[in-house]
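The block underneath contains the structure these notes are about, expressed in structure tokens.
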Protein chains: 2
Amino acid sequence: MGSAAPGDTADRWLDRAHERFAAEGLRMGAARATALGVIARDAICPVCVQDLVRAVRRQGGAGSQASVYRVVEQAHRLGLLRRELGPDGGVRYEIVLPDEGHHHLVDDDSGETVPFVDDDLERALRQAARRLGVRMTSHDVRIRGVRP
Amino acid sequence: MGSAAPGDTADRWLDRAHERFAAEGLRMGAARATALGVIARDAICPVCVQDLVRAVRRQGGAGSQASVYRVVEQAHRLGLLRRELGPDGGVRYEIVLPDEGHHHLVDDDSGETVPFVDDDLERALRQAARRLGVRMTSHDVRIRGVRP
DNA sequence: TTAGATGCAAAGCTTTTGCAGGATA
DNA sequence: TATCCTGCAAAAGCTTTGCATCTAA
């Protein structure tokens, strides 16, 4: 017990996304529902919008390029997606969960990103925020390094 | 004393840029020199490439859109420029100096990014890297928050 | 019923590229 | 002089938008 079930992250995000969209008074049409489902599944690691568009197309049902871009932008505005730059300079989106306490380790050789948890680092971030006089809403920590 | 003179950052960066380009065996033509000068002056805060292109044009001399994009990409590859996302989702570049040990605070309300230095946080990052078994080559820390 | 969602296709931007001619080391 | 750099213009992506048509609530 204590460890998350497979797909748990995706499911939790999808639930929260539906809640947030509803709370904003936005309707849930077929295209929007499909896009959110694909995002929940594929944007656990950063993805570009074009990949999401292709995934939606592969899915066969509703969802056009325009819809996907619109949903991604709305989800980002609602704080459901984080926008960042990929190694190639292109824009990537990644799902955000409210209780995230993890950081990223980027392998300089492979370019691969792996998440990790570090309580000391977490504490240092909180203290730094306090010293700066702000209430921290989220953080993005990326350590780049090479394996010896 | 101890504080930097005006234009000092730009000058130091420009010197270093010329050194690095020379060290790579790259030649210094008119367009490249102009672009580097404009970058040193304008990319102290994040700017988009199109702004640099316009600045180069205003300057009147050598330098085309293609040159500017090429110089920016080379400077980024040489570690002279940092690439990041602006609040509007567009790509921005900012000059990098070797002795930077700073982090970023992003104001959730305004989207504004301000740099800060925190030795404790710096230490926590080093220790986290050690625990992960990697040699840290650089880091990117972004604390998002709101002023109470 | 009605404001909002969707798809299509075109427009708008940013960024990259091919090539002929010019300049640097 | 042999490379390398430049500029032009076109191409290639990515993202946004207008609008007519549907549809969720």
Side-chain angles (χ1 to χ4, degrees), chain A residues 17-39 42-43 46-78 81 83-93, chain B residues 17-39 42-43 46-78 81 83-93:
Chain A
H18 277 265
E19 282 168 23
R20 297 286 290 108
F21 271 76
E24 291 287 312
L26 299 168
R27 298 177 185 175
M28 192 52 59
R32 188 169 283 168
T34 301
L36 287 178
V38 167
I39 292 170
D42 291 0
V47 288
C48 65
V49 182
Q50 290 297 325
D51 282 346
L52 294 172
V53 170
R54 277 184 282 273
V56 164
R57 288 217 177 98
R58 235 173 284 126
Q59 193 119 331
S64 64
Q65 164 164 288
S67 304
V68 175
Y69 272 97
R70 289 192 269 240
V71 172
V72 165
E73 202 237 309
Q74 290 161 336
H76 176 254
R77 205 152 33 72
L78 295 180
L81 288 177
R83 177 160 57 195
E84 58 186 70
L85 275 177
D88 64 339
V91 178
R92 301 277 185 289
Y93 291 87
Chain B
H18 277 264
E19 282 168 23
R20 298 284 293 108
F21 270 75
E24 291 287 313
L26 300 169
R27 298 176 185 173
M28 192 53 59
R32 190 170 281 168
T34 301
L36 287 178
V38 167
I39 292 169
D42 292 359
V47 288
C48 67
V49 183
Q50 289 298 326
D51 281 345
L52 294 173
V53 170
R54 277 184 283 272
V56 164
R57 287 216 177 99
R58 236 174 284 126
Q59 193 119 331
S64 65
Q65 165 165 287
S67 305
V68 176
Y69 272 97
R70 290 192 268 240
V71 172
V72 165
E73 202 237 309
Q74 290 161 336
H76 177 253
R77 204 151 33 74
L78 295 180
L81 289 177
R83 177 160 57 194
E84 58 186 73
L85 274 178
D88 65 339
V91 178
R92 299 278 186 289
Y93 290 88

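Protein chains get the first letters and strands the later ones, always in sequence-line order, with residue 1 at the start of each.
- Heavy atoms only, all atoms of each residue included: B:Ala62 and B:Ala30 are closest at CB-CB, 3.6 Å.
- Following rounding to the nearest Å, A:Gln59 (CD) and C:dG7 (P) show an atom-to-atom distance of 13 Å.
- In the set C:dA5, C:dT15, D:dT15, D:dT15 carries the atom at the smallest distance from any side-chain atom of A:Val49.
- For B:Phe21 and D:dT6, the CZ to C1' distance is 15 Å, given to the nearest whole Å.
- Among the atoms of the strands shown, only primed sugar atoms or phosphate atoms (P, OP1, OP2) are found under 4.0 Å from some heavy atom of A:Ala31.
- Shortest non-hydrogen contact noted between A:Tyr93 and A:Val49 is CE1-CG2, 3.5 Å.
- Of the candidate nucleotides C:dT15, D:dC8, D:dT17, D:dC8 has the atom nearest to the side chain of B:Arg70.
- Across D:dC14, C:dG7, D:dG7, the shortest atom-to-atom separation from the side chain of A:Gln50 is found for D:dC14.
- Atom P of nucleotide C:dT14 and atom NE2 of B:His76 are separated by 19 Å, given to the nearest angstrom.
- Closest contact between the side chain of B:Arg32 and the listed nucleotides D:dC8, D:dC5, C:dT15 involves D:dC5.
- Residue-level contact check: A:Gly63 touches the backbone only, with heavy atoms under 4.0 Å from sugar-phosphate atoms and none from bases.
- Per the geometry, OH belonging to A:Tyr93 stands 13 Å off P belonging to D:dC14, to the nearest Å.
- We find that CD of A:Glu73 is positioned 10 Å from C1' of D:dT16, with the value rounded to whole Å.
- Taking both residues in full, the closest heavy atoms of A:Pro46 and A:Arg92 are given as CB-CB, 3.7 Å, listed atom of the first, atom of the second, then distance.
- Comparing D:dA25, C:dA5, C:dC8 by their nearest atom to the side chain of A:Met28 picks out D:dA25.
- Nucleotides of DNA chain D nearest to A:Gly29 and A:Tyr69 differ in position, and the one nearer the 5' end is that of A:Tyr69.
- Remark on DNA chain D: of its neighbouring residues B:Ser67 and B:Asp88, the 5'-side contact belongs to B:Ser67, judged by nearest-heavy-atom nucleotide.
- Which of D:dC5, C:dA5, D:dC14 sits closest to the side chain of A:Arg27 comes down to C:dA5.
- Going from atom CD of A:Gln65 over to atom P of C:dA11 covers 16 Å, rounded to whole Å.
- Of the two residues near DNA chain C, A:Gly61 and B:Arg54, the one whose nearest nucleotide lies more 5' is A:Gly61.
- The NE2 atom of B:His18 sits 16 Å away from the C1' atom of C:dA25 (whole-angstrom rounding).
- When all heavy atoms are compared, the tightest approach of B:Leu85 to B:Val91 is CD2-N, 4.5 Å.
- Judged by distance alone, the side chain of B:Arg83 and the main-chain N or O of A:Pro87 form a donor-acceptor pair under 3.5 Å.
- B:Arg57 places its CZ atom 11 Å from the P atom of D:dG7, with the value rounded to the nearest Å.
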